[in-house]
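The structure appears right after this line, and notes come after that.
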Amino acid sequence: MENETNNKAHDFIKGEVLKMERNSFFVRMIAAALAYAGISYWLNAIRADASLWFVWVLIIIQFALYFSIFIMGYRRAIVSGFNKNLSLIVFIALAILGRVNDWELAVIPLTVIIMLIISAKAKNVSDNSKHLLPQK
């Protein structure tokens, strides 16, 4: 009876930790994608008129946001149980394909949507949050 109660408590806490990680990932991924889109539109609007140093600062911020989307996706894919090497190849390929012409308009939303779906179905707790789980 006590073991069953411990299992229920462990499952409940694991579910809450999973929700916390999932929500955190959702917010970070969507915030990065929206910030990237905002910086991109702003950069396109002011590129001809703004001073060169300001344009370069925005380009650096844009690249940092762009790559952060794929890095977050890669890290969450590993937590979700995907193979590290295969995931690395896939996310590098997506990052490169996104820089071809205007493919980023398709690559980024598809990456975000697919990673949000994969994250929602994940049942693994990351190494960073395992300390929150009680000992079995």
Side-chain angles (χ1 to χ4, degrees):
M1 184 73 170
E2 184 176 318
N3 193 20
E4 184 179 318
T5 305
N6 286 341
N7 285 339
K8 285 182 182 181
H10 186 271
D11 292 343
F12 175 77
I13 293 171
K14 182 178 180 183
E16 292 301 313
V17 170
L18 285 171
K19 277 191 230 176
M20 178 188 67
E21 284 186 339
R22 192 174 300 128
N23 291 342
S24 173
F25 175 73
F26 284 7
V27 168
R28 286 183 289 125
M29 183 65 100
I30 291 172
L34 290 176
Y36 174 78
I39 292 285
S40 296
Y41 289 126
W42 187 26
L43 189 58
N44 289 336
I46 67 165
R47 189 174 299 215
D49 301 329
S51 63
L52 191 59
W53 70 269
F54 187 64
V55 170
W56 276 105
V57 168
L58 289 179
I59 288 171
I60 291 168
I61 293 170
Q62 181 189 32
F63 273 125
L65 288 168
Y66 179 77
F67 289 115
S68 71
I69 292 169
F70 295 102
I71 291 168
M72 279 189 286
Y74 167 74
R75 294 176 82 193
R76 189 64 183 168
I78 298 306
V79 169
S80 298
F82 288 88
N83 182 300
K84 285 184 181 183
N85 295 330
L86 181 62
S87 295
L88 182 63
I89 292 168
V90 168
F91 282 102
I92 288 174
L94 286 172
I96 291 170
L97 283 175
R99 298 310 303 166
V100 174
N101 292 332
D102 288 334
W103 287 16
E104 67 191 17
L105 297 174
V107 170
I108 290 175
L110 285 175
T111 301
V112 170
I113 291 168
I114 290 170
M115 285 313 302
L116 292 179
I117 291 169
I118 289 172
S119 179
K121 295 187 180 274
K123 300 294 182 200
N124 299 335
V125 175
S126 70
D127 290 338
N128 293 340
S129 297
K130 285 193 180 191
H131 71 281
L132 298 173
L133 298 176
Q135 299 296 322
K136 261 191 165 178

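- Interatomic distance, CD1 of Ile60 versus CD1 of Ile39, reported as 12.0 Å (0.5 Å rounding).
- Contact between Phe91 and Ala77 at its shortest, heavy atoms only, is CE1-CB, 3.9 Å.
- Nearest heavy-atom pair, Ser126 versus Val79, reported as atom, atom and distance to 0.1 Å: CB-CG2, 3.7 Å.
- Here the closest heavy-atom approach between residue Ala32 and residue Met72 is recorded as CB-CE, 3.5 Å.
- With hydrophobic clusters built from ILVMFWY side chains whose heavy atoms lie under 4.5 angstrom apart, Tyr41 does not share a cluster with Leu65.
- Under a cut-off of 6.0 angstrom, the local environment of CZ in Arg75 is sparse, with at most 12 non-hydrogen atoms contributed by other residues, nucleotides or ligands.
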As a quick check of understanding, evaluate side-chain hydrogen bond (donor to acceptor under 3.5 Å, both in side chains) for Tyr66 and Glu104, giving each step before the final call. CA-CA 9 Å; Tyr66 179 77; Glu104 67 191 17; 5.6 Å; no
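- Looking at every heavy atom in both residues, Ser80 comes nearest to Ser119 through OG-CA, 4.5 Å.
- Under a 4.5 Å side-chain heavy-atom cut-off, the cluster of Ile, Leu, Val, Met, Phe, Trp and Tyr residues that includes Ile113 is completed by Ile117.
- Under a hydrophobic clustering in which Ile, Leu, Val, Met, Phe, Trp and Tyr are joined whenever their side-chain heavy atoms come within less than 4.5 Å, directly or via other members, Trp103 and Ile69 fall into the same cluster.
- The closest donor-acceptor contact from the side chain of Ser24 to the backbone of Met20 lies at 3.5 Å or more, if one exists at all.
- Tracing side-chain contacts under 4.5 Å through hydrophobic residues (I, L, V, M, F, W, Y), one reaches Leu94 starting from Ile30; they form part of the same cluster.
- Rounding to the nearest 0.5 angstrom, the gap separating the OH atom in Tyr36 from the CZ atom in Phe67 is 9.0 Å.
- Once rounded to the nearest 0.5 Å, the distance linking CZ of Phe70 with CG of Leu88 reads 13.0 Å.
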I'd like a table of donor-acceptor pairs (distance under 3.5 Å, sequence neighbours excluded) in which one partner is a side-chain atom from residues 42-55, with atom names and distances.
unit_1, atom_1, unit_2, atom_2, d
Asn44, ND2, Ser40, O, 3.3
Ser51, OG, Trp53, NE1, 2.9

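- Annotation for Ala33 and Val112: closest pair CB-CG2, 4.0 Å, computed over non-hydrogen atoms.
- Rounding to the nearest 0.5 Å gives a distance of 9.0 Å between CD1 of Ile78 and CG of Leu86.
- At a threshold of 4.5 Å between non-hydrogen side-chain atoms, the residues Arg76 and Ile118 do not count as touching.
- For the atom pair CD of Glu21 and CZ of Phe26, the computed distance is 12.0 Å after rounding to the nearest 0.5 Å.
- Placement of Ile108 and Ile59 within a single hydrophobic cluster is found when ILVMFWY residues are connected by side-chain heavy-atom separations under 4.5 Å, directly or transitively.
- Phe25 and Met115 make their closest contact through CE2-O, 3.7 Å (heavy atoms, listed as atom of the first residue, atom of the second, distance).
- Between the OG atom in Ser68 and the CE atom in Met29 there is a gap of 8.5 Å [rounded to 0.5 Å].
- Neither Leu110 nor Leu97 shares a network with the other; the hydrophobic side chains, linked directly or stepwise wherever heavy atoms of I, L, V, M, F, W or Y lie under 4.5 Å apart, form separate groups for each.
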